[in-house]
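Data block below; observations after.
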Amino acid sequence: MEQHYKLYRVREMADNDEDFIAALAAAFLEEVPEDLERLKTAVANTDYYSAYQAAHKMKPTVDLFELGVLQDLIEVQDWGKFEKTDMDPTEKLNNVVMAVEKATEELKADFGL
């Protein structure tokens, strides 16, 4: 439990209400993988605006669950926001993908979702 994510800030926000913590975990599983797919597609299609939107939407949750890739996600977001044609966001995106996938699997197992 909590190898690829951390619940410290989630527990603090939820005032240790286990039902609320489980609801936040379920919300993570419902939203973040879907947003990640949007982000991957946007980067693959050099769709700066959609990449910016998807990364921006993911930031608070990635931060709250402390996946350890917030800075990488911000760099992908900025690639889209500022249309950085001279930057290849692939490595940063891959770091985000790996972290989200690992956290997703672990959250599913830990919360029985």
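A quick note: this is a predicted structure, and the numbers were derived from the prediction, not measured. Only heavy atoms go into these numbers, but all of them, side chains included; no hydrogens, no water, no symmetry mates.
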Those residues that, when tested against Glu75, pass side chain to side chain contact (heavy atoms under 4.5 Å, CB included) (two or more places apart):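 Applying side chain to side chain contact (heavy atoms under 4.5 Å, CB included) to Glu75 gives Gln71, Met87, Lys92.
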
Partner residues of Met98 under the side chain to side chain contact (heavy atoms under 4.5 Å, CB included) criterion, sequence neighbours left out: Lys102

Audit row: Val32, Met58, side chain to side chain contact (heavy atoms under 4.5 Å, CB included) steps and yes/no: CA-CA 6 Å; Val32 176; Met58 291 172 64; 4.1 Å; yes

Path from Leu70 to Val76 over hydrophobic side-chain contacts below 4.5 Å: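 No, because Leu70 and Val76 fall into different hydrophobic clusters, even though each may have its own neighbours under 4.5 Å.
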
Co-membership, hydrophobic cluster, residues Tyr48 and Phe82, 4.5 Å side-chain: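 Unlinked, Tyr48 and Phe82 end up in two clusters.
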
Candidates Leu36, Val69, Asp72 - the one meeting side chain to side chain contact (heavy atoms under 4.5 Å, CB included) with Val97: Leu36

Ala51 to Ala42 - nearest heavy-atom pair and separation: N-CB, 3.4 Å

Heavy-atom closest pair, residues Ala14 and Phe20: CB-CD2, 3.1 Å

Where at least one partner belongs to residues 13-29, residue pairs that pass salt bridge (Lys or Arg N to Asp or Glu O under 4.0 Å), sequence neighbours excluded: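 Output for this query lists Arg11-Glu18.
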
Donor-acceptor contacts under 3.5 Å from residues 103-113 side chains, at least two apart:
unit_1, atom_1, unit_2, atom_2, d
Thr104, OG1, Val100, O, 2.7
Glu106, OE1, Gln3, N, 3.3
Glu106, OE1, His4, N, 2.7
Glu106, OE2, Glu2, N, 2.7
Glu106, OE2, Gln3, N, 2.5
Asp110, OD2, Tyr5, OH, 2.6

For the atom pair [atom1] ([X]) and [atom2] ([Y]), what is the distance rounded to the nearest 0.5 Å?
| X | Y | atom1 | atom2 | answer |
| --- | --- | --- | --- | --- |
| Glu83 | Thr46 | CD | OG1 | 10.5 Å |
| Leu73 | Asp63 | CG | CG | 10.0 Å |
| Leu7 | Leu24 | CG | CG | 9.5 Å |
| Ile74 | Lys81 | CD1 | NZ | 10.5 Å |

Asn45 side chain vs Thr41 backbone, donor-acceptor pair below 3.5 Å: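 Checking the backbone N and O of Thr41 against the side chain of Asn45, a donor-acceptor pair under 3.5 Å is found.
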
Expected output: side-chain Trp79 to main-chain Pro89 donor-acceptor under 3.5 Å: no

Asp47: salt bridge (charged side-chain N to carboxylate O under 4.0 Å, His left out) partners, not counting sequence neighbours: none

Pairing of Arg38 and Asp35 as salt bridge, 4.0 angstrom limit: yes

All side chain to side chain donor-acceptor pair (under 3.5 Å) counterparts of Glu37, not counting sequence neighbours: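 In terms of side chain to side chain donor-acceptor pair (under 3.5 Å), with neighbours along the sequence ignored, Glu37 is linked to Lys40.
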
Step-by-step side chain to side chain contact (heavy atoms under 4.5 Å, CB included) determination, Val10 to Glu12: CA-CA 5 Å; Val10 174; Glu12 188 177 87; over 6 Å; no

Side chain to side chain contact (heavy atoms under 4.5 Å, CB included) between Tyr8 and Glu66, intermediate numbers included: CA-CA 9 Å; Tyr8 174 78; Glu66 300 182 54; 4.1 Å; yes

